[in-house]
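In this chain, residues are counted from 1 in sequence order. All ligand and atom numbering here is 1-based and tracks the order in the structure.
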Amino acid sequence: MKKFIRGRLKGGLYAIKGAYLLLRYEHSIQAQFFIGVCVCLLGWFVGISRTEWMMQLLAIGLVMGLEGANSAIEEIADFIHPDFHENIGKIKDLAAGAVFIGACVAVVIGLLIYWPYINF
Ligand SMILES: Nc1ncnc2c1ncn2[C@@H]1O[C@H](COP(=O)(O)OP(=O)(O)OP(=O)(O)O)[C@@H](O)[C@H]1O
């Protein structure tokens, strides 16, 4: 049991290190983090509901999580095949496509949350 808990804690520390590396070195994640902070400030300013906060945070987590996975896939691809290869390009495009889908969903969630707060 002790070994199990120590193993999980160690795994958690590696995951925190990974999150730090993403935020420190990956420009896409940095941009998404910045946008996420701006949207959170907007949510606080506008006074969105508890449910809207949950949806907003889920959307931010979805995009940043997918971007992190995309970065990891790009790293693997460059590591196993640093030279140009059609399949590597396809793998990277698929991973980028997953981020794009998540980002589109996040934009729709954002519109659904903030549209009612806009008074023309
Ligand atoms: N080794 C490769 N072989 C074939 N096509 C590649 C290769 N590397 C990149 N590409 C193509 O270029 C696109 C961009 O790849 P790249 O690795 O530069 O990612 P990126 O989206 O610019 O992300 P980042 O800016 O985080 O590096 C890929 O989606 C793919 O279509």
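When the options V99, V37, L66, L23 are evaluated for a side-chain contact (heavy atoms from CB on, under 4.5 Å) with Q32, the one that passes is V99.
Taking the side-chain contact (heavy atoms from CB on, under 4.5 Å) definition, one finds that V39 meets it with I35, Q56, Y114, sequence neighbours left out.
A cation-pi contact links R8 to F4, judged by a cut-off of 6.0 Å to the six-membered ring centre and 45° from its axis.
Hydrophobic clustering (ILVMFWY, side-chain heavy atoms < 4.5 Å, transitive): I60 and F34 are in distinct clusters.
Contact residues for ligand 1 (protein heavy atom closer than 4.0 angstrom to any ligand atom): E74, D83, F84, H85, I88, G89, K92, D93.
Residues F33 and E26 fail the side-chain proximity criterion, which asks for heavy atoms closer than 4.5 Å.
Between the side chain of E52 and the main chain of S49, a donor-acceptor pair closer than 3.5 Å is present.
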